[in-house]
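Single-structure report; data block below.
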Amino acid sequence: MLRIAEFVGAEVDRELLPAMVKACTFEEMHKNAGTVAPLNGVLWEGGGQSFIFKGTNQRWVGVLSEAQVQAYLEKASKELPADCAAWLENGSK
């Protein structure tokens, strides 16, 4: 969080940092999903709870057709740096 603040030139009140870090945990965001999800979650069946979802990597496997996967891979290779495309597909390891 501090690295991001430094990168964007934002000042961080060090006394508020522990509460800020806690507010950014999955548990807190899921608990407050109706507030933190885009448009308060109205676009998703199940509301914000459906948007803030701790999934697993490659949860999408089997959902898309082979043609859709191929189209994604082609688009990702054209538009994204290799490390970004790898993160998007596999998450951080």
Side-chain angles (χ1 to χ4, degrees):
M1 190 174 283
L2 291 174
R3 287 190 339 218
I4 294 169
E6 182 180 340
F7 179 78
V8 299
E11 302 244 349
V12 175
D13 183 334
R14 299 282 179 149
E15 289 184 22
L16 297 177
L17 188 60
M20 292 165 54
V21 169
K22 181 180 181 206
C24 291
T25 63
F26 171 77
E27 291 77 17
E28 289 295 311
M29 288 192 296
H30 194 262
K31 182 170 68 176
N32 297 301
T35 303
V36 300
L39 297 174
N40 297 334
V42 299
L43 298 176
W44 290 270
E45 185 177 322
Q49 297 290 325
S50 296
F51 178 75
I52 307 291
F53 185 82
K54 188 173 188 175
T56 56
N57 289 341
Q58 299 188 344
R59 191 170 146 242
W60 51 268
V61 171
V63 173
L64 303 176
S65 70
E66 189 58 40
Q68 290 171 316
V69 172
Q70 193 58 42
Y72 160 77
L73 291 172
E74 289 174 16
K75 183 72 170 175
S77 70
K78 289 178 186 173
E79 302 289 334
L80 301 172
D83 60 341
C84 180
W87 176 85
L88 188 60
E89 185 174 341
N90 302 306
S92 62
K93 293 185 178 185

Should Val21 and Met29 be counted in the same cluster of Ile, Leu, Val, Met, Phe, Trp and Tyr side chains packed under 4.5 Å apart? no

If you take all heavy atoms of Ala37 and Gly48, which pair is closest and at what distance? CB-CA, 3.8 Å

Sorted by chain and number, sequence neighbours left out, side chain to side chain donor-acceptor pair (under 3.5 Å) with Ser65 holds for Gln68

Side-chain contact test, heavy atoms from C-beta onward, threshold under 4.5 Å: evaluate it for His30 versus Glu27 and give yes or no. no

Between Met1 and Cys24, which heavy-atom pair has the shortest distance, and what is it? CE-SG, 3.4 Å

What pair of heavy atoms forms the shortest contact from Ala5 to Val12, and how long is it? CB-CG2, 3.3 Å

Restricting to pairs with a member in residues 72-88, which pass salt bridge (charged side-chain N to carboxylate O under 4.0 Å, His left out), not counting sequence neighbours? Lys75-Glu79

Please, which pairs that meet side chain to side chain donor-acceptor pair (under 3.5 Å) have at least one residue in residues 3-12, sequence neighbours excluded? none

Is it possible for you to say whether Met20 and Ile4 belong to one hydrophobic cluster, with membership spreading through side-chain heavy-atom contacts below 4.5 Å? no

Report the hydrophobic cluster partners of Val8, with the cluster defined as I, L, V, M, F, W, Y residues connected by side-chain heavy atoms closer than 4.5 angstrom, directly or transitively. Phe7

Tell me, do Glu89 and Leu73 make a side-chain contact under 4.5 Å, heavy atoms counted? yes

Does a sphere of radius 6.0 Å around CG in Leu16 hold more than 12 heavy atoms from other residues, nucleotides or ligands, not counting ones at 6.0 Å or beyond? yes

Sorted by chain and residue number, the side-chain contact (heavy atoms from CB on, under 4.5 Å) partners of Ala33 (sequence neighbours excluded) come out as Gln49, Ile52

Looking only at heavy atoms, which two atoms of Thr35 and Asn40 are closest? And how far apart? O-OD1, 3.4 Å

The ring-ring contact (aromatic ring centres under 6.0 Å, His included) partners of Trp87 (sequence neighbours excluded) come to none

Please find the pair of heavy atoms, one from Lys22 and one from Glu28, that lie closest to each other, and give the distance. O-CG, 3.0 Å

